[in-house]
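Hydrogens, waters and symmetry mates play no part in the numbers below; they use all other heavy atoms, side chains included. Because the structure is a prediction, the values reported are computed rather than measured.
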Amino acid sequence: MLSFIYNLVSNFESSHGIRPNLLYLNEDHLHHLSDEFSEEYDLFQIMNMLQMEFIIDNETMHPHVAWTRIMNTKTAMC
């Protein structure tokens, strides 16, 4: 799953000239992705490592990526 996401990110960046910051996936995809990390990593650590926010939608057939201007929660808290 991790290599698939890496390919999605690379293709998106090549096509659009910007790195995606959203990953759409369903719960099964999320479990497969989580399995590729050690138990020490929680969901937020995985998101930080991938530098993407996750949109979990069980109607998502295949993981896909997108870019949006999202508010940085650290900035919003200041």
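A continuous path of ILVMFWY side-chain contacts below 4.5 Å connects Phe44 to Leu30, so both sit in one hydrophobic cluster. Grouping the Ile, Leu, Val, Met, Phe, Trp and Tyr side chains by contacts below 4.5 angstrom, directly or via other members, places Leu23 apart from Ile55. Hydrophobic clustering, with ILVMFWY side chains joined whenever heavy atoms are under 4.5 angstrom apart, keeps Tyr24 apart from Ile46. Hydrophobic clustering, with ILVMFWY side chains joined whenever heavy atoms are under 4.5 angstrom apart, keeps Ile5 apart from Leu22.
Inter-residue side-chain proximity for Asn26 and Ile56 is flagged as unmet; no heavy-atom pair is nearer than 4.5 Å.
Here the shortest heavy-atom pairing between Pro63 and Leu8 reads O-CD1, 3.4 Å.
No donor-acceptor pair closer than 3.5 Å links the side chain of His16 to the backbone N or O of Glu13. At least one donor-acceptor pair closer than 3.5 Å links the side chain of Asn58 to the backbone N or O of Glu27. Using a distance-only test at 3.5 Å, with no hydrogens or angles considered, a donor-acceptor pair links the side chain of Thr60 to the main chain of Asp57.
Here the CG-CE distance, from Leu33 to Met47, works out to 11.5 Å after rounding to the nearest 0.5 Å. The CD atom of Glu39 sits 11.0 Å away from the OG atom of Ser34 when rounded to the nearest 0.5 Å. Here the CD1-CH2 distance, from Ile18 to Trp67, works out to 4.5 Å after rounding to the nearest 0.5 Å. Atoms CE and CG, on Met1 and Asp28 in that order, are 9.0 Å from each other to the nearest 0.5 Å. A distance of 9.0 Å separates CG of Leu25 from CE of Met52, quoted to the nearest 0.5 Å. The distance from the CD atom of Glu36 to the CZ atom of Phe4 is 12.0 Å, given to the nearest 0.5 Å.
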Let's go through Asp35 and His32 carefully: what are the C-alpha distance in whole Å and the side-chain angles of both, what is the deciding distance for side chain to side chain donor-acceptor pair (under 3.5 Å) to 0.1 Å, and is it a yes or a no?
CA-CA 5 Å; Asp35 287 345; His32 288 294; 4.9 Å; no
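For the pairing with Phe37, the side-chain contact (heavy atoms from CB on, under 4.5 Å) check across Leu2, Asp42, Leu43 returns one residue only, Leu2.
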